[in-house]
Amino acid sequence: ALVEVKDSKAIIENVVLLDSASHSNFITKQRCERLKLPTEQTNIHVTGINNTDSHTSFSIPLHIRDTITHPHQFQASCLIVNSIISNQLP
């Protein structure tokens with residue numbers, strides 16, 4: 001989905017994967033640094049596909065708005081991780 005996210009100065013467009021059945025939301029550390037928003041300290045253990053383990057120490061609250069239907073907006077707390085996808089896709 002193409003959505004708008006409020007950063008520290010403006011609203012910017014981002015491509016995101018929205019999964020309403022997921023327990024957590026994620027954002028990369030690189031994207032988080034671009035947004036320049038304050039982070040919150042966390043201590044979360046994440047288990048993924050094939051029981052891969054990860055840990056995150058920070059999250060960031062985001063205000064997200066759909067670019068097509070502007071009235072649809074929501075707050076999401078995203079866990080900050082180094083990467084979301086592998087660079088080794090088939």
Side-chain angles (χ1 to χ4, degrees):
L2 183 62
V3 298
E4 295 175 336
V5 177
K6 274 189 184 179
D7 71 3
S8 59
K9 297 179 182 175
I11 295 175
I12 58 172
E13 288 187 346
N14 285 272
V15 176
V16 299
L17 170 65
L18 300 174
D19 181 357
S20 63
S22 182
H23 290 277
S24 300
N25 303 298
F26 298 95
I27 188 170
T28 62
K29 184 177 180 181
Q30 181 180 27
R31 176 62 64 182
C32 187
E33 289 169 352
R34 286 186 199 161
L35 292 172
K36 296 181 180 153
L37 292 171
T39 60
E40 300 171 351
Q41 199 159 7
T42 62
N43 185 16
I44 307 280
H45 176 83
V46 178
T47 303
I49 296 171
N50 292 327
N51 289 320
T52 55
D53 289 324
S54 184
H55 177 264
T56 183
S57 299
F58 294 95
S59 66
I60 184 170
L62 294 180
H63 180 84
I64 299 172
R65 182 170 71 177
D66 187 324
T67 58
I68 297 170
T69 60
H70 289 301
H72 184 77
Q73 48 189 318
F74 60 95
Q75 295 279 94
S77 178
C78 297
L79 300 175
I80 301 171
V81 294
N82 289 329
S83 66
I84 295 175
I85 63 168
S86 170
N87 292 332
Q88 301 172 331
L89 294 174

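Atoms considered below: every heavy atom in the structure, side chains included; atoms not considered: hydrogens, waters and symmetry mates.
- The backbone N or O of T52 sits nowhere less than 3.5 Å from a side-chain atom of N50 that would complete a donor-acceptor pair.
- Taken from CD in E4 to CD1 in I12, the straight-line distance is 10.0 Å, to the nearest 0.5 Å.
- Applying the side chain to side chain donor-acceptor pair (under 3.5 Å) test to pairs two or more places apart or on separate chains, those with a residue in residues 28-42 are N14-R31.
- Applying the side chain to side chain donor-acceptor pair (under 3.5 Å) test to N51 and every residue at least two apart in sequence or in another chain returns nothing.
- F74 contributes atom CZ, which lies 12.5 Å from atom CZ of R65 (distance to the nearest 0.5 angstrom).
- Distance check, rounded to the nearest 0.5 Å: CD1 of I27 to CZ of F58 gives 14.5 Å.
- Every residue two or more places apart in sequence or in another chain was checked for a side chain to side chain donor-acceptor pair (under 3.5 Å) with N25, and none qualifies.
- Residues satisfying the side chain to side chain donor-acceptor pair (under 3.5 Å) criterion with H45, sequence neighbours excluded, are T47, D53.
- V5 and I11 are members of different hydrophobic clusters when ILVMFWY side chains are connected at heavy-atom separations under 4.5 Å.
- Residues satisfying the side-chain contact (heavy atoms from CB on, under 4.5 Å) test with S57, not counting sequence neighbours, are H55.
- In this structure, the side chains of F26 and T56 stay at 4.5 Å or more apart for every pair of heavy atoms.
- Every residue meeting the side-chain contact (heavy atoms from CB on, under 4.5 Å) condition with L37, not counting sequence neighbours, appears here in chain and number order: S8, L35, I60, L62.
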